[in-house]
There are 2 protein chains.
Amino acid sequence: MADLSKKTVERLCVYHRELLELENEGTDHIFSHQLAKRAGVSPVQLRHDIMGIGYSGSPARGYEISEMLKSIAKQLLSTKQQNVAIVGIGNLGRAIMAYFHGRRENIRIIAGFDSDLQKINRTISGCYCYSMNDIERICKYHKIKAAIIAVPEREAQDIAEKLSQAGIRGIMNFAPVRLVLPDSIYVENLDMALTLEKVAYFARQ
Amino acid sequence: MADLSKKTVERLCVYHRELLELENEGTDHIFSHQLAKRAGVSPVQLRHDIMGIGYSGSPARGYEISEMLKSIAKQLLSTKQQNVAIVGIGNLGRAIMAYFHGRRENIRIIAGFDSDLQKINRTISGCYCYSMNDIERICKYHKIKAAIIAVPEREAQDIAEKLSQAGIRGIMNFAPVRLVLPDSIYVENLDMALTLEKVAYFARQ
DNA sequence: ATATTACTGTTAAATAAATAACAACGTTAA
DNA sequence: TTAACGTTGTTATTTATTTAACAGTAATAT
Ligand SMILES: NC(=O)c1ccc[n+]([C@@H]2O[C@H](COP(=O)([O-])OP(=O)(O)OC[C@H]3O[C@@H](n4cnc5c(N)ncnc54)[C@H](O)[C@@H]3O)[C@@H](O)[C@H]2O)c1
Ligand SMILES: NC(=O)c1ccc[n+]([C@@H]2O[C@H](COP(=O)([O-])OP(=O)(O)OC[C@H]3O[C@@H](n4cnc5c(N)ncnc54)[C@H](O)[C@@H]3O)[C@@H](O)[C@H]2O)c1
């Protein structure tokens with residue numbers, strides 16, 4: 001398996017999603033420029049990305065959707081279900097749990113964690129919630145390798161370290177703070193305040 | 001005003017936030033390597049970014065926080081309050097409205113829009129909500145140039161076009177779909193499903 | 001005074017990413 | 001049968017971004 005860049009992985013996910021939709025619509029073949037348009041990238045870039053995963057289309061018919069899906073999935077998606085945890089069952093945490101509940105089959109939010117006693121030992125938005133004390137046990141039991149942080153800013157670093165301790169290798173962080181963690185842990189910050197500032201900046205230019 | 005790259009703008013926002021916190025803590029000077037650590041970047045990159053905005057520190061004392069804040073703000077932040085709109089007052093929209101309410105003074109979510117009659121003409125999570133019919137009028141009246149899309153996927157493209165019509169120049173899009181819009185409109189996608197897939201991918205590597 | 005130190009700002013080099021260029025190849029139409 | 005077409009895969013080129021190198025500088029210690 002070649003190691004794909006962060007950007008390439010991101011785009012492959014987009015292609016995968018668009019291809020799934022096309023397949024549902026009953027389409028069986030597609031040209032690079034068509035798929036590129038749907039994905040919001042240039043056709044050359046799409047072909048370049050596809051080159052990286054070893055799949056080939058035909059100059060005459062373009063890409064065969066079902067085969068291409070298989071190739072992308074082989075590179076990106078785990079063969080078995082990937083279990084994900086979420087820490088912080090607040091406004092945002094609940095919205096996320098509700099959103100992901102029963103949605104993706106490959107990735108599943110399987111456990112919630114919170115320090116608030118009101119929230120633990122019950123199912124919220126389709127996801128069972130545990131005490132923070134259970135975090136290591138549950139993560140190891142369910143082989144959870146990725147987690148979502150949706151706790152207040154000041155708690156985030158501490159939670160990140162606990163997750164690291166529990167064997168987590170990837171974190172999607174919503175707290176507006178840069179986590180300091182070993183390089184072996186992949187962190188993706190979804191920082192809304194920051195993003196909105198960026199959007200506001202470019203909207204002015 | 002030099003035109004800063006997307007990445008640089010993003011990092012400057014992080015520096016700005018960290019500097020504000022440092023100022024609150026009573027610190028008045030800081031060295032590049034200290035601030036860089038807090039921001040999660042390399043010291044060289046930080047100095048490079050700072051070079052771009054024209055501010056200079058002293059080799060002896062490092063950067064003067066209050067001055068540096070002013071310089072960054074001058075480049076990034078609007079002098080007047082920037083009003084932002086949000087379309088889609090669902091689970092996510094409400095969480096966002098609650099989060100931003102009374103938080104930032106520079107950027108403010110000033111109007112919500114939804115097609116659901118239950119939600120319009122009242123204040124939800126600290127933000128007044130309007131009918132979709134009012135979108136152009138309100139956006140122009142409040143000089144809204146940036147907007148958040150939090151409507152279901154299938155509605156997003158249509159809403160984006162309506163926003164474009166209403167004079168919006170920047171969009172933060174939460175719907176898992178690539179919006180097709182003129183290049184003059186800056187779009188930032190916060191695609192959680194995609195991001196989670198990416199995190200899961202790198203967590204496996 | 002002067003050397004040392006630890007930092008900054010800036011230029012140069014290296015790396016990463018996107019774009020362009022084009023040969024190879026089926027398909028279609030003449 | 002063959003020429004024209006439109007598309008792919010791949011290699012080059014360009015552009016963007018990051019990292020490294022180092023001269024300049026103010027404070028401090030000698
Ligand atoms: N709500 C949003 O739309 C939004 C937008 C941008 C950023 N964020 C960020 O996302 C995070 C969560 O935001 P929110 O609005 O859901 O906050 P919230 O206050 O609604 O929820 C926070 C949750 O974390 C739990 N918690 C607190 N400390 C904890 C700990 N030590 N261990 C485990 N759980 C703990 C609380 O019990 C609560 O359930 C914050 O960092 C916030 O800055 C949220
Ligand atoms: N909830 C999450 O955490 C989450 C996570 C990832 C992505 N998203 C995306 O964010 C968007 C919103 O998610 P949600 O969970 O809040 O959904 P939701 O169903 O709770 O809310 C959607 C809101 O949009 C409104 N709406 C529908 N059509 C509209 C139209 N044409 N004009 C104006 N308003 C309209 C609805 O009335 C509703 O209030 C979706 O695109 C979803 O895919 C949400």
Side-chain angles (χ1 to χ4, degrees), chain A residues 2-15 18-19 22 27-69 71-72 75 178 183 186-187 198 202 205, chain B residues 2-15 19 22 27-69 71-72 75 178 183 186-187 189 198 202 205:
Chain A
D3 49 338
L4 307 164
S5 82
K6 195 174 138 176
K7 297 255 187 140
T8 305
V9 169
E10 190 172 316
R11 286 191 298 263
L12 285 171
C13 289
V14 179
Y15 307 152
E18 294 299 328
L19 288 169
L22 284 161
T27 319
D28 56 353
H29 285 83
I30 193 164
F31 292 119
S32 68
H33 65 268
Q34 300 173 306
L35 183 54
K37 181 159 192 189
R38 290 183 68 130
V41 303
S42 75
V44 208
Q45 188 163 60
L46 166 61
R47 293 206 297 277
H48 215 283
D49 289 337
I50 295 308
M51 202 178 75
I53 61 166
Y55 172 72
S56 278
S58 110
R61 306 212 196 94
Y63 299 110
E64 191 180 337
I65 292 178
S66 64
E67 284 305 310
M68 196 169 170
L69 272 169
S71 292
I72 298 180
Q75 290 286 330
R178 303 285 133 164
D183 287 348
Y186 181 86
V187 178
K198 218 183 348 170
F202 286 109
Q205 301 303 306
Chain B
D3 50 337
L4 306 164
S5 82
K6 194 175 139 177
K7 297 252 187 141
T8 304
V9 169
E10 191 171 316
R11 285 191 299 263
L12 286 171
C13 290
V14 179
Y15 307 152
L19 288 169
L22 284 160
T27 318
D28 55 353
H29 285 83
I30 194 164
F31 291 119
S32 67
H33 65 268
Q34 299 173 306
L35 183 55
K37 182 160 191 188
R38 290 182 68 130
V41 304
S42 75
V44 209
Q45 188 163 59
L46 166 60
R47 293 206 297 277
H48 216 284
D49 289 337
I50 295 308
M51 201 178 77
I53 61 166
Y55 172 72
S56 278
S58 112
R61 306 213 196 93
Y63 299 108
E64 191 180 337
I65 292 179
S66 64
E67 284 305 309
M68 197 169 169
L69 272 169
S71 292
I72 298 180
Q75 289 287 330
R178 305 284 135 164
D183 286 347
Y186 181 85
V187 179
N189 294 301
K198 219 184 345 171
F202 286 109
Q205 300 304 304

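This one's a predicted model, so the numbers in the text were calculated from it and none came from an experiment. Below, chains carry the letters A, B, ... as their sequence lines are ordered, and counting in each starts from 1.
Rounding to whole angstrom units, CD1 of residue B:Ile53 and P of C:dT10 are separated by 12 Å. Atom CD of B:Glu10 is separated from atom P of D:dT17 by 12 Å (rounded to the nearest Å). Rounded to whole Å, the distance from CG on A:Leu46 to C1' on D:dG9 is 12 Å. Following rounding to the nearest Å, B:Met51 (CE) and C:dA12 (P) show an atom-to-atom distance of 12 Å. When rounded to the nearest whole Å, the span between CE of B:Met68 and C1' of C:dT8 equals 12 Å. Atom-to-atom, NE2 of B:His29 to P of D:dA27 comes out at 10 Å; the value is rounded to the nearest Å. One can place CD1 of B:Ile50 at 12 Å from P of C:dT10, the figure rounded to the nearest angstrom.
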Return all side-chain donor-acceptor pairs below 3.5 angstrom for residues 29-42 of chain A, not counting sequence neighbours, or 'none' if the list is empty.
unit_1  : atom_1 : unit_2  : atom_2 : d
A:Ser32 : OG     : A:Arg47 : NH1    : 3.2
A:Gln34 : OE1    : A:Phe31 : N      : 2.9
A:Arg38 : NE     : A:Glu18 : OE1    : 3.0
A:Arg38 : NH2    : A:Glu18 : OE1    : 3.3
A:Arg38 : NH2    : A:Glu21 : OE2    : 3.4
A:Ser42 : OG     : A:Gln45 : N      : 3.2

Distance-only donor-acceptor pairs under 3.5 Å for side chains of residues 61-68 of chain B, two or more places apart:
unit_1  : atom_1 : unit_2  : atom_2 : d
B:Glu67 : OE2    : B:Lys70 : NZ     : 3.1

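Among residues two or more places apart in sequence or in another chain, the side chain to side chain donor-acceptor pair (under 3.5 Å) test is passed with A:Tyr55 by none. With sequence neighbours left out, the side chain to side chain contact (heavy atoms under 4.5 Å, CB included) criterion links A:Ser5 to A:Lys7, A:Thr8.
If you take CD1 on A:Ile72 and CD1 on A:Ile50, they are separated by 4.5 Å, rounding to the nearest 0.5 Å. Here the CG-CZ distance, from B:Asp3 to A:Phe202, works out to 9.0 Å after rounding to the nearest 0.5 Å.
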Walk me through it: do A:Tyr186 and B:Gln205 pass the test side chain to side chain contact (heavy atoms under 4.5 Å, CB included)? CA-CA 10 Å; A:Tyr186 181 86; B:Gln205 300 304 304; over 6 Å; no
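Using a 4.0 Å cut-off on heavy atoms, the residues of residues 30-39 of chain A that approach DNA chain D are A:Phe31, A:Ser32, A:His33, listed by number.
Proximity of B:Leu19 to B:Thr27: side-chain heavy atoms (C-beta onward) are nowhere separated by under 4.5 Å.
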With sugar-phosphate taken as primed atoms, P, OP1 and OP2 and all else as base, the protein-contact string of nucleotides 17-30 of chain C at under 4.0 Å (heavy atoms; B, S, -) is SSBB----B-S---
